[in-house]
Number of protein chains: 2
Amino acid sequence: MADVFQLLAEPSRRHLLEALRDGERSVNDLVARTHMSQPSVSKQLRILRDSGVVALRPVGRQHLYSIQGRSLREASEWLSYYERFWQEGLNRMDEALRREPGPKARRKR
Amino acid sequence: MADVFQLLAEPSRRHLLEALRDGERSVNDLVARTHMSQPSVSKQLRILRDSGVVALRPVGRQHLYSIQGRSLREASEWLSYYERFWQEGLNRMDEALRREPGPKARRKR
DNA sequence: GTAACGCATGTCCAAAGGGATATATGTCTA
DNA sequence: TAGACATATATCCCTTTGGACATGCGTTAC
């Protein structure tokens with residue numbers, strides 16, 4: 001999985017990805033939109049790029065970054081296993097109670 | 001958002017959540033399934049519980065944990081904004097090229 | 001050619017956080 | 001009540017990593 005979640009854990013990186021939602025942006029654009037320092041933006045973009053979450057297209061002296069969906073998809077798919085936990089009013093332990101009517105403790109496997 | 005992604009960033013916590021996918025588990029169950037030490041399991045479960053990602057139901061001297069979908073849903077919804085980046089063959093900069101036929105550099109805003 | 005611009009990188013530092021170990025707390029059993 | 005069992009917590013250590021700052025490198029403009 002190359003730890004996509006690790007990347008998304010950092011608010012600064014999420015802000016960058018949010019700023020890239022509606023298309024390519026230059027580094028200076030991202031600096032203005034995220035209120036981060038330019039070196040910080042470059043540093044985090046580098047990390048995102050090494051992980052394949054964003055792509056770089058140089059245009060003159062500008063570097064235009066855009067989102068690369070593939071890695072994010074893995075995270076989304078991981079989370080999809082848990083959809084049932086917030087659907088159909090499936091709450092806390094309702095499901096467990098449904099599966100195991102008897103209160104007897106369960107042993108390994 | 002209370003940083004759900006921060007929680008998911010740690011592999012050990014993801015392993016715990018994976019072990020909880022098919023229902024309630026006791027701490028010892030989780031220790032066996034994740035190959036983590038018992039104190040580590042308890043420590044990470046505590047963090048997950050404080051964030052509302054899992055719920056605790058004490059039964060005798062066992063503590064049964066289960067998944068609480070609400071927080072995970074927020075992460076899933078955040079990612080849903082990026083679905084279009086891996087759908088419809090939307091690649092790298094295709095989208096930008098589509099939006100901006102001229103190669104002239106873009107200035108702020 | 002030189003200066004301004006756009007971006008990347010290197011270095012230092014301090015804070016955060018996970019694991020290991022030991023120990024405390026609570027519950028069941030004999 | 002004693003002891004085994006299930007889990008939680010406390011402390012220490014060590015690694016990771018984000019930000020600030022300074023600087024390097026390539027590109028455009030004058």
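Bear in mind the structure is a predicted one, so any value in this text is a computation, not a measurement. Proteins get letters first, then strands, A, B, ... in listed order; numbering begins at 1 in each.
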From [atom1] of [X] over to [atom2] of [N], roughly how many Å is that when rounded to an integer?
| X | N | atom1 | atom2 | value |
| --- | --- | --- | --- | --- |
| B/Glu10 | D/dT17 | CD | P | 10 Å |
| B/His35 | C/dA20 | NE2 | C1' | 18 Å |
| B/Gln44 | D/dT7 | CD | P | 16 Å |
| B/Asp50 | D/dT9 | CG | C1' | 13 Å |
| B/Arg57 | C/dT27 | CZ | P | 16 Å |
| A/Leu16 | D/dG18 | CG | C1' | 13 Å |

Have a look at A/Leu30 and say if it touches a base, only the backbone sugar-phosphate, or nothing, with a 4.0 Å heavy-atom cut-off.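 A/Leu30: no heavy atom of the nucleic acid under 4.0 Å.
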Taking only side-chain nitrogens and oxygens of B/Gln6, does any of them come within less than 4.0 Å of OP1 or OP2 of C/dA16?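 No, outside the criterion.
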Applying side chain to side chain donor-acceptor pair (under 3.5 Å), name anything that partners A/Glu83, two or more places apart in sequence or on another chain.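 For A/Glu83 there are no side chain to side chain donor-acceptor pair (under 3.5 Å) partners, ignoring immediate neighbours.
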Strictly under 3.5 Å: I want the nitrogen or oxygen pairs between protein and nucleotides 7-10 of chain C, one per line.
residue, atom, partner, partner atom, Å
C/dC7, OP1, A/Val27, N, 3.2
C/dC7, OP1, A/His63, N, 3.4
C/dC7, OP2, A/Asn28, N, 2.9
C/dC7, OP2, A/Asn28, OD1, 3.4
C/dC7, OP2, A/Asn28, ND2, 3.2
C/dC7, O3', A/His63, ND1, 3.0
C/dA8, OP1, A/His63, ND1, 3.0
C/dA8, OP1, A/Tyr65, OH, 2.4
C/dA8, OP2, A/Ser42, OG, 2.4
C/dA8, N7, A/Gln38, NE2, 2.8
C/dA8, N6, A/Gln38, OE1, 3.4

Tell me which pairs pass salt bridge (charged side-chain N to carboxylate O under 4.0 Å, His left out) where either residue lies in residues 35-44 of chain B, with sequence neighbours left out.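 Not a single pair qualifies under salt bridge (charged side-chain N to carboxylate O under 4.0 Å, His left out).
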Lys NZ or Arg CZ of A/Arg25 over A/Tyr65 ring: under 6.0 Å, within 45°: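 A/Arg25 over A/Tyr65 ring: no.
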Criterion salt bridge (charged side-chain N to carboxylate O under 4.0 Å, His left out) on A/Asp29 and A/Arg33, from CA distance to verdict: CA-CA 6 Å; A/Asp29 268 9; A/Arg33 286 166 177 269; 5.0 Å; no
Does a side-chain heavy-atom distance below 4.5 Å link B/Leu8 with A/Leu79?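 B/Leu8 vs A/Leu79: side chains touch.
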If I compare all heavy atoms of B/Arg84 with all of A/Asp22, which pair ends up nearest, and what's the gap?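 Of all heavy-atom pairs spanning B/Arg84 and A/Asp22, the closest is NH2-CA, 4.0 Å.
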